[in-house]
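Scope of the values below: all heavy atoms of this structure, side chains included, with no hydrogens, waters or symmetry mates. Letters go in sequence order (proteins before strands), and every chain restarts at 1.
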Number of protein chains: 2
Amino acid sequence: MSQTRETGTLGKLMVLLDLVTHADTPLRFTDILARARQPRGTLHRQLSHLVEEGLLELDGDGRYAPGLRLLDFAARSWARNEFRLVAEPHLSELQQATGETVHLGVLRGQSIIYLDKVEGRQPVRMYSQIGNASPCYCTGVGKAALSLLPPETLVDLLAGLSFTSFTASTHASAETLAAEIREIAEQGYAFDREEHEAGIRCVAAPVWSEDRTFIGGISVTGPAYRLSMELLRQWAVPVQLAAARIMEGMRVRLGPRR
Amino acid sequence: MSQTRETGTLGKLMVLLDLVTHADTPLRFTDILARARQPRGTLHRQLSHLVEEGLLELDGDGRYAPGLRLLDFAARSWARNEFRLVAEPHLSELQQATGETVHLGVLRGQSIIYLDKVEGRQPVRMYSQIGNASPCYCTGVGKAALSLLPPETLVDLLAGLSFTSFTASTHASAETLAAEIREIAEQGYAFDREEHEAGIRCVAAPVWSEDRTFIGGISVTGPAYRLSMELLRQWAVPVQLAAARIMEGMRVRLGPRR
DNA sequence: AAATTAAGTTCCAAATAATGGAACGTGAGA
DNA sequence: TCTCACGTTCCATTATTTGGAACTTAATTT
């Protein structure tokens, strides 16, 4: 998930930040000590620095939680993200056309990070999905993104994956995944056949920015009982169309400068 | 806004992260060089480290933008934040009762960071507000939060403020602000009389967690033409009630452990 | 096209910060 | 009161960062 260096001052601190943000609940000093391979004195100072910077917070019980400064950073990066800004209107349009939830995600390391989500009427918790990192091998957006990679990069990435079986249909080996990705590269669209979450299907299309800073995809997602494979196949075309419009938008936006 | 140390390896890197995330547009190396007080060689290596860790991203044009890894960190800290989790149902209830937008914010340094926002029916961009840092001296939540501080802490904080006049009614000096905060401390609720944004009013009440990790407030916000001061005064009671329930919820949640 | 300037990158001895083992509080429970 | 587990502080050693300068590459001008 995280491509942390683990060396250098920053690298070591990021490992700790990862540790704390990935925990289900705030961690006490000793909990962190057990998981981080650091001497007590060192760990203590490292945590203090992170707290001083607002990246971690230490509550009255001596438990470390992620710092709210991270929220401020994130709110800013999200609000100004060029890819997201360009994609936004096209995502809404696609949502209108299908009535289902639309996602925009990009590949970072081995994960898909969701950059945006457009739902129907109901005011659903956005943060719950936006910013979340999901595996690339069992999501529509993820597989669509992988189909964009040059063969060598793809091989390297696949080699580093460890396959967790979320459902019965989750890919369990690099071989079957590679085969499907070849197919996706030809077709130009991908499905998620309940591979990440039982009862949830999606159809996705690859999207990228011209400078290849963003390699990702968009998808239309919904419950299997409502979204037959038949219907998803029909939606492949509008999804690809929306993807094409986003790429054109990025071309226009980046073009004049180069 | 940022209480960065500016010394130590991490401190210097955070200054850069602040610089890039605060910029309106991705910055080129030279732009950053001009603003950061660092020699070229040093700056180059620092930026490289941030990019390696995914905290910054370098696009094809050599422009640095905030890294998407920040989103992942933030999504996690938000999803698991105890204060927010406890407050959530009470915010929704308050939204139902008033029909207007409800906010939850906490004090971090001199800023209020919005932890949650509950709007009416329409699916509004949440991220646009959640995580955002706003000044404490011209928001209802901010002034409510300040009214909770011990006198000495408050004096120190006020001394460090620089007052930007967003509207004609924005406080422009520590003296008038301090006077209003004394009043708020007595009353137990605060108003924002179009001090941050023209045409926007709110009524807020202070909220804090027992261990004082979270010092903040909740507010009901809306357009001035719809929310007379008269109406806001009526809402002060339900807002204070919701605040009381949140604090009780935190007491129960934290209590058993200590 | 050559010359000039600007932009970005790499290098390495010197300066600085991080390390980690051990000693030192501190508070809860026996 | 004693003990033990949990945190915190200290400081000589070690590793990383620093920053000036040299170098490469790209853009602009003559």
Side-chain angles (χ1 to χ4, degrees), chain A residues 3-20 23 25-65 67 210-213 254-258, chain B residues 3-20 23 25-65 67 210-213 254-258:
Chain A
Q3 73 292 29
T4 303
R5 273 180 318 150
E6 310 217 2
T7 96
T9 309
L10 180 59
K12 290 169 206 154
L13 293 177
M14 292 305 283
V15 172
L16 294 182
L17 202 49
D18 251 353
L19 228 161
V20 175
T25 158
L27 297 174
R28 331 209 54 245
F29 181 83
T30 319
D31 301 329
I32 304 178
L33 183 61
R35 302 181 204 193
R37 304 187 158 282
Q38 297 288 346
R40 287 144 56 112
T42 301
L43 180 65
H44 187 261
R45 185 182 30 75
Q46 288 172 331
L47 291 173
S48 303
H49 284 172
L50 288 169
V51 169
E52 273 185 85
E53 293 299 337
L55 299 179
L56 290 184
E57 302 193 351
L58 180 55
D59 71 17
D61 287 352
R63 302 177 312 154
Y64 290 90
E210 230 178 29
D211 63 1
R212 303 190 65 80
T213 301
L254 288 176
R257 264 201 288 272
R258 50 189 64 222
Chain B
Q3 73 290 30
T4 304
R5 272 181 319 150
E6 310 216 3
T7 100
T9 308
L10 180 59
K12 290 169 205 155
L13 292 177
M14 293 304 284
V15 172
L16 293 182
L17 203 49
D18 250 353
L19 229 161
V20 174
T25 158
L27 297 174
R28 331 206 60 245
F29 180 84
T30 319
D31 301 330
I32 303 177
L33 184 61
R35 302 181 205 193
R37 303 186 161 283
Q38 297 289 345
R40 288 141 60 102
T42 301
L43 180 64
H44 188 263
R45 184 182 32 73
Q46 289 172 330
L47 292 174
S48 302
H49 283 173
L50 289 169
V51 169
E52 272 183 88
E53 293 298 339
L55 299 177
L56 290 185
E57 302 195 352
L58 180 56
D59 70 17
D61 286 354
R63 301 178 313 156
Y64 290 89
E210 231 176 30
D211 64 0
R212 301 190 67 80
T213 301
L254 288 177
R257 264 200 289 274
R258 50 187 66 223

*Nucleotide D:dC6, atom P - distance to CZ of A:Arg28 in whole Å*: 8 Å

*Kindly compute the distance separating NZ (B:Lys12) from CG (B:Leu17), expressed to the nearest 0.5 Å.*
16.0 Å

*Report the distance from atom CZ of A:Arg63 to atom P of D:dC6, rounded to the nearest whole Å.*
16 Å

*Whole-Å distance separating the CG atom of A:Leu33 from the C1' atom of D:dT8*: 13 Å

*CE of B:Met14 to CG of A:Leu10: how many Å apart, nearest 0.5 Å?*
9.5 Å

*A:Leu43 CG to D:dG7 C1': how many Å, rounded?*
11 Å

*Listed by chain and number, what are the side-chain hydrogen bond (donor to acceptor under 3.5 Å, both in side chains) partners of B:Gln46, not counting sequence neighbours?*
none

*Any side-chain N or O of A:His44 under 4.0 Å from OP1/OP2 of D:dT8?*
yes

*What does the inter-axis angle of the helix from C:dA1-D:dT30 to C:dA30-D:dT1 come out as, five pairs per end, nearest 10 degrees?*
30°

*Can you measure from CG (A:Leu13) to CG (A:Asp18) and round to the nearest 0.5 angstrom?*
11.5 Å

*To the nearest Å, give me how far apart CG (B:Leu47) and P (C:dG8) are.*
11 Å

_Candidates D:dT17, C:dA18, C:dT9 - which lies nearest the side chain of A:His49_ = C:dA18

*Protein proximity profile, nucleotides 25-30 of chain C - base contact B, sugar-phosphate-only contact S, no contact -, cut-off 4.0 Å on heavy atoms*: ------

*asked:* Within this structure, what is the CG-CD1 distance for the pair B:Leu56 and B:Ile32, rounded to the nearest 0.5 Å?
replied: 7.0 Å

*Between D:dT16 atom P and B:Glu52 atom CD, what is the distance in whole Å?*
13 Å

*With sequence neighbours left out, write down each residue that passes side-chain hydrogen bond (donor to acceptor under 3.5 Å, both in side chains) with A:Gln38, or none if nothing qualifies.*
none

*Taking only residues two or more places apart in sequence, or in another chain, which ones meet A:Tyr64 in a ring pair (Phe, Tyr, Trp, His ring centres under 6.0 Å)?*
none

*What heavy-atom pair brings B:Pro26 and B:Arg63 nearest, and what distance separates the two atoms?*
CB-CB, 3.7 Å

*Taking atom CG of B:Leu58 and atom CZ of B:Arg28, what is their separation to the nearest 0.5 Å?*
10.0 Å

*At under 4.0 Å between heavy atoms, which parts of nucleotides 18-26 of chain D does protein reach? Answer with one letter per nucleotide, 5' to 3': B base, S sugar-phosphate only, - none.*
BBB------

*Between C:dG8, D:dT17, D:dC6, which nucleotide gets closest to the side-chain atoms of B:Phe29?*
C:dG8

*Whole-Å distance between C:dG8 C1' and B:Asp61 CG?*
14 Å

*Can you name the nearest heavy-atom pair linking A:Asp59 to A:Asp61, along with the distance?*
OD1-N, 2.8 Å

*Please name the pair of heavy atoms, one in A:Ala36 and one in A:Leu43, separated by the smallest distance, quoted to 0.1 Å.*
CB-CD1, 4.3 Å

